[in-house]
Amino acid sequence: MGKRTALITGITGQDGSYLAEHLLAQGYRVVGMTRRTSTEVHERIEHLVDRIEIVSGDLLDQSSMTTLIGDVEPDEVYNLAAQSFVPTSWNQPVLTGEFTALGVTRVLEAIRHVSRKIRFYQASSSEMFGKVQETPQREQTPFYPRSPYGVAKVYGHWITVNYRESYDIFAVSGILFNHESERRGKEFVTRKISDGVARIKLGLSNELRLGNLDARRDWGFAGDYVRAMWLMLQHDEPDDYVIATGRTHTVREFCRLAFAVAGLDYERYVVEDARFMRPAEVDLLIGDASKAKAVLGWEPQTGFEELVRTMVEADLKRLRSFAGV
Ligand code: NAP
Ligand code: G4F
């Protein structure tokens, strides 16, 4: 079999960068779609630019998607692009729907017109479970989204299932629980905490303002989760999978551990701030990934403590070299 081609939308994001590394290691030709901006700063994939191809396209534009998929001729498409920050989805609900919901249909339509042999991965989310109807959450758990983002992801999930059933396209929906890394955007709570700890430790800040400390999440490592995306597209049959660690922790626990890595007591620095509370919260997420383990042989390899420590140490190192401290 010749070299396989993968197209990644959202390659500049956290998951896009890890997935590109994983696919390159498997011998793929990797093509990443980026949208046009006036400056070309793609810091998460800078180390890969000599080994991947970058093409221009936008999830908002049907013709760009159809032309691009026709030109690239991918064997696999990973649709990771989305407006992915939950609080922004209340401020920009229509745009979030355009990117995160209808964007999925545009990619699927492009595949339907170009070649139904292309395999498709949709980046679905545990946010779809929202006000959870069952604990732990599994593939059969009913959805009850709590944000415009979660609602958009429910649409993306079902349109993926629908194209699989309507057109016999190998389309899968990976229902991924929160996954983090040193490449996580600084607006998400884990990276906000690791960056905040490093700033306080190095004397660049004296407090960290957060919202709901009692929210619980099932946090894994992004590098482990992109492997699951790839495994889903290698299976004989298209299906949907929950990807999670099966453990849950509060934001407070994340803070306690992260500050302890730097030898600090979080209670002295963390301030609860109403500005970071949400109109509707997802209180508890914990996933049951036993189907992924049984069918795909997937299991997470990085534990919670290791994840927290790695993130804090990476931010300490980055800020030390940046600030010359
Ligand atoms: P991320 O870091 O926010 O990356 C999002 C990517 O989407 C970026 O590359 C961004 O490009 C791109 N994008 C946004 N709007 C676009 C548009 N209109 N056209 C083209 N590209 C666009 O997100 P992530 O954490 O890697 O997550 C990847 C996917 O998994 C997302 O769909 C997210 O909703 C989903 N997900 C994430 C998690 C998690 O815990 N990380 C869990 C479940 C599901 P720019 O660089 O140009 O902004
Ligand atoms: O880190 P978060 O912003 O992630 P959230 O909302 O769970 O969404 C992430 O995971 C989803 C999968 O479940 C993805 F689909 C989505 O794209 C994204 O990657 O917030 C986590 C929790 C929330 O309960 C939030 O209320 O942390 C709480 N939190 C407390 N203080 C905070 C803060 N979140 C943020 N971003 N900033 C705070 O200051």
Side-chain angles (χ1 to χ4, degrees), residues 8-19 32-37 39-45 56-61 64-65 68 78-89 95-96 98-100 102-104 106-107 121-130 137 145-147 149-150 152-153 156-157 173-181 183-193 196 208-222 225-226 229 243-244 249-252 254-255 270-285 287:
I8 305 175
T9 74
I11 194 162
T12 57
Q14 170 188 256
D15 291 7
S17 65
Y18 283 108
L19 180 62
M33 185 188 91
T34 62
R35 48 184 171 167
R36 198 255 161 199
T37 48
T39 51
E40 269 199 33
V41 183
H42 298 147
E43 64 181 45
R44 294 190 182 100
I45 52 168
S56 182
D58 199 303
L59 284 186
L60 297 187
D61 188 77
S64 77
M65 295 309 308
L68 192 152
Y78 295 85
N79 183 38
L80 309 186
Q83 192 301 95
S84 72
F85 189 47
V86 172
T88 297
S89 76
L95 193 62
T96 299
E98 286 286 354
F99 284 180
T100 305
L102 279 177
V104 189
R106 294 190 188 99
V107 183
Y121 173 85
Q122 167 56 16
S124 293
S125 165
S126 51
E127 276 290 305
M128 301 191 301
F129 296 122
Q137 295 85 51
R146 294 274 279 171
S147 63
Y149 168 84
K153 282 289 181 186
H157 170 84
S173 169
I175 307 174
L176 272 52
F177 283 61
N178 298 50
H179 44 281
E180 318 293 317
S181 72
R183 299 184 199 166
R184 187 59 141 151
K186 283 190 204 141
E187 66 274 40
F188 298 93
V189 77
T190 55
R191 183 73 198 288
K192 186 173 170 183
I193 296 168
L208 177 61
R209 303 189 85 84
L210 295 173
N212 179 10
L213 300 181
D214 298 316
R216 303 186 78 93
R217 289 290 181 278
D218 179 331
W219 280 299
F221 170 54
Y225 284 42
V226 298
M229 298 175 185
I243 300 297
H249 300 272
T250 59
V251 173
R252 191 186 302 282
F254 196 105
C255 286
V270 171
V271 180
E272 281 196 80
D273 187 330
R275 284 181 302 152
F276 298 109
M277 301 290 185
R278 300 178 179 187
E281 177 63 286
V282 173
D283 295 317
L284 163 75
L285 289 175

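Since the structure is predicted, the reported quantities are computational estimates derived from the model, not experimental observations. Both counts, for ligands and for their atoms, begin at 1 and track the order of listing. Nothing fancy with the numbering, it's 1 onward along the sequence. Below, each value reflects all heavy atoms present in this structure, side chains not excepted, and no hydrogens, waters or symmetry copies.
- For the pair N79 and ligand 1, the shortest N or O to N or O distance does not fall below 3.5 Å.
- Ligand 1 has no nitrogen or oxygen under 3.5 angstrom from a nitrogen or oxygen of E180.
- Counting heavy atoms from C-beta on, the side chains of M229 and L80 come closer than 4.5 Å.
- Here the side chains of K153 and T100 are in contact, with some heavy-atom distance below 4.5 Å.
- Below 4.0 Å from some heavy atom of M33 lie the following atoms of ligand 1, by number and element: 20 (C).
- With atom 19 (O) of ligand 2 as the reference point, the heavy atom nearest to it among E281, R184, H179 is part of R184.
- Summary of contacts: the protein heavy atom closest to atom 43 (C) of ligand 1 is L176 O, 3.2 Å.
- In terms of polar-atom proximity, defined here as any N/O pair under 3.5 Å, G13 does make such a contact with ligand 1.
- Put simply, the side chain of M128 reaches to within 4.5 Å of the side chain of I175, judged on heavy atoms.
- For atom 29 (C) of ligand 1, the nearest non-hydrogen atom from the set V104, L80, I243 comes from L80.
- The single protein non-hydrogen atom nearest to atom 30 (O) of ligand 1 is A123 CB, 3.4 Å, given as residue, atom name and distance.
- The shortest N or O to N or O distance between L60 and ligand 1 is not under 3.5 Å.
- Using a 4.5 Å cut-off on side-chain heavy atoms (C-beta onward), E127 and S147 make contact.
- Nearest non-hydrogen protein atom to atom 29 (N) of ligand 2 is V189 CG2, 3.7 Å.
- The protein heavy atom nearest to atom 2 (P) of ligand 2 is R278 NH2, 3.7 Å.
- Classified by interplanar angle (parallel below 30°, tilted 30° to 60°, perpendicular above 60°), the ring pair F188/F85 is perpendicular.
- Closest to atom 19 (N) of ligand 1, if we only count protein heavy atoms, is L59 N, 3.3 Å.
- Here's the thing with F85: none of its N/O atoms is less than 3.5 angstrom from an N/O atom of ligand 2.
- Applying the 4.0 Å criterion to heavy atoms of N178 picks out, from ligand 1, the atoms 40 (O).
- Contact annotation: the side chain of I8 never approaches that of D15 to less than 4.5 Å [non-hydrogen atoms, C-beta and beyond].
- Looking only at atom types and distance, the side chain of S173 has a donor-acceptor partner in the side chain of S124 under 3.5 Å away.
- Remark: D283 does not engage R216 in a salt bridge, criterion side-chain N to carboxylate O under 4.0 Å.
- Checking side-chain atoms of R146 against main-chain N and O of E281 turns up a donor-acceptor pair under 3.5 Å.
- K153 counts as a contact of ligand 1, since one of its heavy atoms falls under 4.0 Å from the ligand.
- Residue contacts with ligand 1: Y149 is included, with a non-hydrogen atom under 4.0 Å away.
- Near R184, meaning under 4.0 Å from any of its heavy atoms, are these atoms of ligand 1: 25 (O), 39 (C), 40 (O), 41 (N).
- Ranking protein heavy atoms by distance to atom 23 (O) of ligand 1, first place goes to S84 OG, 3.5 Å.
- In terms of N/O distances under 3.5 Å, ligand 1 is not approached by F188.
- Looking only at side-chain heavy atoms (C-beta outward), V189 and F254 stay at 4.5 Å or farther from each other.
- Near D58, with a cut-off below 4.0 Å to any heavy atom, the atoms of ligand 1 are 17 (C), 18 (N), 19 (N).
- Looking at L210 against ligand 2, both its backbone and its side chain come within 4.0 Å, counting heavy atoms.
- When hydrogens are left out, the protein atom nearest atom 39 (C) of ligand 1 is H179 CE1, 3.3 Å; that is the closest non-hydrogen contact.
- Counting protein heavy atoms only, atom 10 (C) of ligand 1 is closest to T12 OG1, 4.0 Å.
- Side chains of V282 and R217 form a contact here, defined as non-hydrogen atoms less than 4.5 Å apart.
- If you check which protein heavy atom lies closest to atom 22 (C) of ligand 1, you get A81 CB, 3.6 Å.
- Of the candidates R252, R217, Q83, it is R217 that places a heavy atom closest to atom 23 (C) of ligand 2.
- Among R183, E43, R44, the one residue that satisfies the side chain to side chain donor-acceptor pair (under 3.5 Å) test with S17 is R183.
- Close contacts between ligand 1 and S124 involve ligand atoms 43 (C), 44 (C) [criterion: under 4.0 Å to a heavy atom].
- Checked for salt-bridge contact, E180 and K192 miss the test: no charged N lies under 4.0 Å from a carboxylate O.
- Of the protein's non-hydrogen atoms, the one nearest atom 48 (O) of ligand 1 is R35 NH2, 2.8 Å.
- Of the polar atoms of N178, at least one N or O is found under 3.5 Å from an N or O of ligand 2, judged by distance alone.
- Which parts of ligand 1 touch F99 is read off a 4.0 Å heavy-atom cut-off, strictly below it: atoms 15 (N), 18 (N).
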